[in-house]
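What follows is a short report on a single structure.
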Amino acid sequence: MKIFKIAFQIAFLLLPWATFAQNLLQDQEGFSNIIVPSTLLNLDITNKVATFDYINDYSFSSTENLIYGIQIKGTVENDAGVIFTDEKIASNSSLDFLFGYSTKSKIKNKTERLQVLISESNLLTGELETSVKNLNGFVERIDENLARKNTLLDVIKVKSSITKNIVNTEVITKHIKALNDAYKSALTNLNKENDKIKDNEEKEDGLKEINRLINQADPAYTEISNSLAIMLNISKNIDKKLSEYNDFDETLDFYRRRNLFFIRGGFNGSSFKYDSNPDAITINDRFEDVTFNGWNAEAGYNYNRRLTYFGMSLSSSYTNNLPGLDDTTFTLKTSGDLITDGDFSTSKTITAMSGMFEKFIRTSINVDFSRVIRVNKKDSLYLSANTYLRKRFYSNTTNLKNNTVLGVGLNAINSKSGSLLGGIFVQTNDLSGVNADIGSSLGERITFGIVAKASFKATSIRD
């Protein structure tokens, strides 16, 4: 198809001016209405869909942007092995252009908000210092004479004080482990020594003594353990506040909210060999080379706040049900009578699509939601958890009924360097089963997809 060849020529012309990439989700058709600046090649290996996205922006001011881009998409509907033969490939392709207007909201009262974080962190630091003093004061009040007579209480007194100049989560965690290990070791040694006693009465008396020591040491051990648990919780809250401060400080010029209005439209086309007349007695009469040309139109809105993305759009397209047709291979054998010592025959294999082919207008209400989750900020590795809904309405068709598509997926994203990443999704093409009795008009009811992503430059994600 000419549209397919022209599309990929445009794609390669655009590559040298690529900006940054990775889109957050796509459905079985390679569609998403969440628009992010991108230069990316998506390969849905399972459904044999290749999508190239180039989306860029031009700034009018610090808060206003013009969004423009192009999307090229190609799908192989029959066996991929046909590509390596002289058989005709059954394919869908589309070429769409995008234009949009984006507004961004600045962070407000940033100085005051930073000061609040600093004040909260200082308040927690004061609470931690007070807790350390209280703990050390409690340990000092443990009776020295009593501790020397009680091995377990002696371990508690020696190991419980915190003498570090800087007390943080790591220090408290190590201190708790050292105290617990020392207490457990002392108790184990007491039991080992008692096990060496051969006289049963003495051994029984030894067990009673060990229980007495435990009961004597237990109140102090419980008090100190509770104090350390409180200190650890305070320290973790300090770490959280410091992390919020660092993240906030690094993104003072980042705009936390974005509103985007866009329109997208273009052309779609299909080309395949079709088993149009099953009763015909010749190849030429039975099989037809079909070329279809259609169009796409869409208007939508995006909202983005930090790591949350929401998109909705209304789209319409003049398209067909090629994905729902069956891929069938036919073999024509011709016998010859010139060989006297056996049968001689030649064969020709033809791969064609069979079923009821329909052209129609499909209108869709599309809703996409993506939540990006930070996995490792140091390595700029993120996951996007996605869900999407398509409510579809059909006209000019005798078979298809209005239906709903629902899908969920997970994508890996690297926001620092271009790399080969990917994702998975599961989609139901007919949620309520209204077209179940029509056979394969919509393809498989449940679709599983594995997507590989080759990004030419990585997406900038700020959280």
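A donor-acceptor contact shorter than 3.5 Å links the side chain of Tyr274 to the backbone of Gly355. Using modelled atom types, one side-chain atom of Asn268 and one backbone atom of Tyr318 make a donor-acceptor pair closer than 3.5 Å. Under a 3.5 Å cut-off, the side chain of Ser131 and the backbone N or O of Glu127 do form a donor-acceptor pair. His175 places a side-chain N or O within 3.5 Å of a backbone atom of Ser160 that can act as its donor or acceptor partner. Side-chain atoms of Asn321 come within 3.5 Å of backbone atoms of Met356 as a donor-acceptor pair (strictly under, hydrogens ignored). In this structure, the side chain of Ser121 does not engage the main chain of Leu117 through any donor-acceptor pair within 3.5 Å. A donor-acceptor pair is defined here as one N or O able to donate and one able to accept, closer than 3.5 Å; such a pair exists between the side chain of Lys73 and the backbone of Glu29. The backbone N or O of Ile35 lies less than 3.5 Å from a partner atom in the side chain of Asn302, making a donor-acceptor pair. Listed for the Asn402 side chain is a donor-acceptor partner under 3.5 Å among the backbone atoms of Tyr394. Counting only distance, with no hydrogens or angles, the side chain of Ser315 and the backbone of Glu298 share no donor-acceptor pair below 3.5 Å.
Between Phe310 and Tyr303, the gap from one ring centroid to the other reaches at least 6.0 Å. Proximity of the aromatic rings of Phe60 and Tyr58 is defined here by a centroid distance below 6.0 angstrom, and this criterion is met. Between Phe31 and Tyr388, the ring center distance fails the sub-6.0 Å criterion.
The two residues Asn33 and Asn366 come nearest to each other via the heavy atoms ND2-O, 3.1 Å. Contact between Ile67 and Leu260 at its shortest, heavy atoms only, is CG1-CD1, 3.6 Å. Taking every heavy atom of both residues into account, Ser316 and Thr363 meet most closely at OG-OG1, 3.4 Å. For the residue pair Gly30 and Thr51, the shortest heavy atom distance occurs at CA-OG1, 3.9 Å. Between Phe272 and Met353 the shortest heavy-atom distance is CD1-CG, 3.8 Å. When all heavy atoms of Ser364 and Arg392 are compared, the closest pair comes out as OG-CG, 3.1 Å.
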Quiz item: Does the salt bridge (charged side-chain N to carboxylate O under 4.0 Å, His left out) test come out yes or no for Glu170 and Lys174, once each step is laid out?
Solution: CA-CA 6 Å; Glu170 183 179 0; Lys174 289 182 177 180; 3.2 Å; yes

Quiz prompt | Intermediate values then yes/no, side chain to side chain contact (heavy atoms under 4.5 Å, CB included), Leu406 and Gln427 | solution = CA-CA 6 Å; Leu406 179 66; Gln427 171 178 315; over 6 Å; no

Quiz item: What's the verdict on side chain to side chain contact (heavy atoms under 4.5 Å, CB included) for Tyr309 and Val372, showing C-alpha distance, side-chain angles and the deciding distance?
Solution: CA-CA 8 Å; Tyr309 296 81; Val372 177; 3.7 Å; yes

Practice problem: Any chance you could lay out the side chain to side chain contact (heavy atoms under 4.5 Å, CB included) test for Ile365 and Phe393, step after step, and finish with the verdict? | Solution: CA-CA 9 Å; Ile365 299 174; Phe393 306 89; 4.1 Å; yes

Quiz item: Passes salt bridge (charged side-chain N to carboxylate O under 4.0 Å, His left out), Arg390 versus Asp368? Steps please.
Solution: CA-CA 9 Å; Arg390 316 275 184 255; Asp368 290 14; 2.5 Å; yes

Exercise. Kindly indicate, with the supporting measurements, whether the criterion side chain to side chain contact (heavy atoms under 4.5 Å, CB included) is fulfilled by Asn386 and Phe369.
Key: CA-CA 6 Å; Asn386 316 310; Phe369 176 82; over 6 Å; no

Quiz item: Would Asp96 and Arg264 satisfy salt bridge (charged side-chain N to carboxylate O under 4.0 Å, His left out), going step by step from the backbone distance to the final call?
Solution: CA-CA 6 Å; Asp96 288 308; Arg264 179 164 53 184; 5.8 Å; no

Self-check item: Criterion side chain to side chain donor-acceptor pair (under 3.5 Å) on Thr169 and Asp239, from CA distance to verdict
Solution: CA-CA 8 Å; Thr169 303; Asp239 291 343; 2.5 Å; yes

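Proximity of Val36 to Ile55: side-chain heavy atoms (C-beta onward) are nowhere separated by under 4.5 Å. Within the 4.5 Å cutoff, no side-chain heavy atoms of Phe425 are placed close to those of Asp27. With a 4.5 Å cut-off on side-chain heavy atoms, Lys241 and Asn237 do not count as touching. Looking at Ile373 and Tyr382, their side chains never come closer than 4.5 Å, going by heavy atoms from C-beta outward. In this structure, Ile72 and Ser94 have side chains that are not in contact, with every pair of non-hydrogen atoms separated by 4.5 Å or more. Between Phe287 and Asp285, every side-chain heavy-atom pair lies at or beyond the 4.5 Å cut-off. At a threshold of 4.5 Å between non-hydrogen side-chain atoms, the residues Asn56 and Tyr68 count as touching. You'll find the side chain of Thr428 stays beyond 4.5 Å of the side chain of Val405, heavy atoms only.
Phe261 and Tyr301 have tilted rings, their planes meeting at an angle from 30° to 60° on a 0 to 90° scale.
The structure places CZ of Arg374 at 13.0 Å from CG of Leu383, a figure rounded to the nearest 0.5 Å. Separating the OH atom in Tyr101 from the CG atom in Asn259 is a distance of 10.5 Å, to the nearest 0.5 Å. For the atom pair Leu228 CG and Asn180 CG, the distance stands at 8.5 Å (nearest 0.5 Å). Taken from CD1 in Ile176 to OG in Ser227, the straight-line distance is 10.5 Å, to the nearest 0.5 Å. How far CE of Met231 is from CG of Asn226: 12.5 Å, rounded to the nearest 0.5 Å. Annotation: the span from Ile118 atom CD1 to Leu123 atom CG amounts to 13.5 Å, rounded to 0.5 Å.
Under the side chain to side chain donor-acceptor pair (under 3.5 Å) rule, Glu358 has a single partner from Asn396, Thr397, Asn320, Thr319, which is Thr397.
Judged purely by distance below 3.5 Å, without hydrogens or angles, the side chains of Ser59 and Asn65 pair a donor atom with an acceptor atom. Side-chain contact of Ser235 with Asn168: a donor-acceptor pair under 3.5 Å is absent, judged by distance alone. Side-chain N/O atoms of Asn429 and Thr447 include a donor and acceptor closer than 3.5 Å.
Atom NZ of Lys391 is surrounded by more than 12 heavy atoms from other residues, nucleotides or ligands within 6.0 Å.
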